[in-house]
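The next block holds one structure in the form of structure tokens; read it before the comments.
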2 protein chains.
Amino acid sequence: MYTALLAHIARYVALTSAEAQLVGDNLTLQTVPRKAYLLAAGQTCTANYFVLQGCLRMYFITEKGAEQITRFALENWWITDQSSLLSQRPSEFFIQAVEPTTVAVLDYARQEELLARVPALERYFRLVLQRVVAADQMRFVYQFGLSAEERYHHFSTAFPGFVQRVPQYMLASYLGFTPEFLSKIRARPGGHPAGKAGRHEP
Amino acid sequence: MYTALLAHIARYVALTSAEAQLVGDNLTLQTVPRKAYLLAAGQTCTANYFVLQGCLRMYFITEKGAEQITRFALENWWITDQSSLLSQRPSEFFIQAVEPTTVAVLDYARQEELLARVPALERYFRLVLQRVVAADQMRFVYQFGLSAEERYHHFSTAFPGFVQRVPQYMLASYLGFTPEFLSKIRARPGGHPAGKAGRHEP
DNA sequence: TGAATTTCTTAATCTAGGTTAAGGAGAACC
DNA sequence: GGTTCTCCTTAACCTAGATTAAGAAATTCA
């Protein structure tokens, strides 16, 4: 049922089978149809989501009313609004399925209890969070260190599979520019080389 | 010696005095003169730094050769290049003292050993990292949801003390625009209301 | 399968913020 | 107590990318 998640945990820490059982007991499985929401702005975030299958996006609405995507979550990624989760105050974010998606839901209230019983998970989440911070840091370097066009080229070279998996206007939003500008870039010579290899995940 | 750090830990988890002793034994104290570096691009990051007194900035050099500040660390903040630390590969970042600064240094090699002996610290760092992710998330909202001028006003209203603590060109870099543009904003009517109250930390 | 909805493209026009250049003023240094 | 750095300001000009407005392709789903 949660084999992908248990395998992910095993990459970082070793659990006894009793502990693995306990993990499973504290999760729920949820299928999310395309365009359905796991979280909407105004709601208080209640859980941590692990993507078993599919793709989620997290976004907020800017002052001008535009959707600004802050991150995607693909298979084997955790996603949540840490800010709302910690403060237990209403979120500014939406978490929505880009394609039909299956997630393991770890309810925040049960999480603390579970971590108390399975201390190895404290370590697991610490390591996962370190990686999230590291990824956000590098994201920052690309966002501020490169021009919009360079960002697009860098990203589509690094994750060619992913680029084909989401609508381009979402990619444009994630990279911090408009879909019109993305079209312009792609129309330029060398705009979208028909690459094949490369990683699939951002 | 490390009372500020032990107090910070105590805000999240309880340590026995033997454990607190062990923490102290695995730290070193370092004083960093103004403009000195704890990390420079090209070096592999070897430690996690906790600011006891002073102010650090983390930045990288963009393609155009400009310094782009990614974060500051004031008293009671941890700072490191998670990316370089995890991969043990050369960093892209500089970590430099903005003012004479004292830090507690937790060497990465010793950190893993220490956490194995004091499991409560796994929880401590997990909680600290959750807060870092939450802060980065909100940072993103301000960065992409507001115009440059709104960013400046929001930031200087939220952290008036901090604005007076660092040179303005650093503030401009952190907020993602040029010092010239910051001057332009401040010259506008209502550009820099002489506020007094408010938080000191970003 | 065909209408409705989403997504993508093109092109003209516009603007927030960057760039360049120069001067001024405070702080540190000798 | 002057000279050298650092930092801040102003102003003219410039550009990357936004906005607006159509229309053209794809998808989706009934």
Side-chain angles (χ1 to χ4, degrees), chain A residues 33-36 54-55 57 59 61-69 72 96-101 142-156 162-192 194, chain B residues 33-36 55 57 59 61-69 72 96-100 142-156 162-192 194:
Chain A
R34 192 175 116 87
K35 304 214 168 173
C55 176
R57 66 172 178 146
Y59 68 91
I61 305 294
T62 67
E63 278 207 331
K64 291 182 184 166
E67 290 178 359
Q68 173 64 56
I69 296 178
F72 291 102
Q96 185 193 36
V98 173
E99 27 179 282
T101 298
Y142 298 126
Q143 201 62 46
F144 286 83
L146 305 179
S147 70
E149 175 158 15
E150 289 167 334
R151 248 145 45 219
Y152 169 70
H153 284 128
H154 174 270
F155 191 83
S156 55
F162 182 74
V163 170
Q164 278 152 256
R165 193 165 169 184
V166 302
Q168 300 203 34
Y169 73 89
M170 289 192 191
L171 189 59
S173 169
Y174 178 76
L175 293 176
F177 47 76
T178 59
E180 292 84 355
F181 188 69
L182 180 47
S183 272
K184 199 190 270 184
I185 291 170
R186 287 167 50 98
R188 305 223 255 252
H192 45 147
Chain B
R34 195 173 113 88
K35 304 215 169 173
C55 176
R57 65 171 179 148
Y59 68 91
I61 305 293
T62 67
E63 278 208 331
K64 291 182 184 166
E67 291 178 358
Q68 174 63 55
I69 296 179
F72 291 102
Q96 186 193 35
V98 173
E99 24 179 284
Y142 298 126
Q143 201 62 47
F144 286 83
L146 305 179
S147 70
E149 175 158 15
E150 289 167 334
R151 250 148 40 222
Y152 169 70
H153 284 128
H154 173 271
F155 190 84
S156 55
F162 183 73
V163 169
Q164 278 152 255
R165 193 165 167 184
V166 302
Q168 300 203 32
Y169 74 90
M170 289 191 191
L171 190 59
S173 170
Y174 177 76
L175 293 175
F177 47 75
T178 60
E180 291 85 354
F181 188 69
L182 179 48
S183 272
K184 199 188 272 185
I185 291 169
R186 287 166 51 98
R188 305 224 254 251
H192 46 145

In whole Å, what is the span from the [atom1] atom of [X] to the [atom2] atom of [N]?
X       : N       : atom1 : atom2 : result
L175(A) : dG17(D) : CG    : C1'   : 14 Å
I185(A) : dC8(C)  : CD1   : P     : 14 Å
Q164(A) : dA26(D) : CD    : C1'   : 16 Å

* Is the backbone N or O of Q68(B) less than 3.5 Å from a side-chain atom of T62(B), with the two atoms forming a donor-acceptor pair by type? ->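 No, the answer is negative, given that no donor and acceptor are paired below the 3.5 Å cut-off.
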Quick one: which protein N/O atoms are closer than 3.5 Å to N/O atoms of nucleotides 4-7 of chain C? Pair and distance per line, please.
{"residue": "dT7(C)", "atom": "OP2", "partner": "Y169(A)", "partner atom": "OH", "Å": "2.9"}

* To do: For Q143(A) and Q143(B), run side-chain contact (heavy atoms from CB on, under 4.5 Å): C-alpha distance rounded to whole Å, both residues' side-chain angles, the deciding distance at 0.1 Å, then the answer.
  => CA-CA 11 Å; Q143(A) 201 62 46; Q143(B) 201 62 47; over 6 Å; no
* Asked: Which parts of nucleotides 16-25 of chain C does protein reach within less than 4.0 Å, heavy atoms only, written one letter per nucleotide 5' to 3' as B for base, S for sugar-phosphate only and - for none?
  -> -BBBB-----
* To do: Report yes if some heavy atom in the side chain of Q168(A) is under 4.5 Å from a heavy atom in the side chain of R186(A); otherwise report no.
  =>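 Counting from C-beta outward, Q168(A) and R186(A) do come under 4.5 Å.
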* Residue pair H153(B) / L146(B), side-chain heavy-atom distance below 4.5 Å ->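 No, their side chains stay 4.5 Å or more apart.
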* Asked: Taking the six-membered ring for Trp, are Y152(A) and F177(A) ring centroids under 6.0 Å apart?
  ->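 That pair fails the under 6.0 Å test.
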* Could you walk me through whether V163(A) and F155(A) pass the side-chain contact (heavy atoms from CB on, under 4.5 Å) test, one step at a time? => CA-CA 8 Å; V163(A) 170; F155(A) 191 83; 4.0 Å; yes
* Nearest-0.5 Å distance that lies between atom CD1 in I69(B) and atom CZ in R57(B) ->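 Rounded to the nearest 0.5 Å, the CD1-CZ separation comes to 4.5 Å.
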* Result of checking K35(A), R34(A), R165(A) against E99(A) for side-chain hydrogen bond (donor to acceptor under 3.5 Å, both in side chains) ->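 Filter result, single survivor: R165(A).
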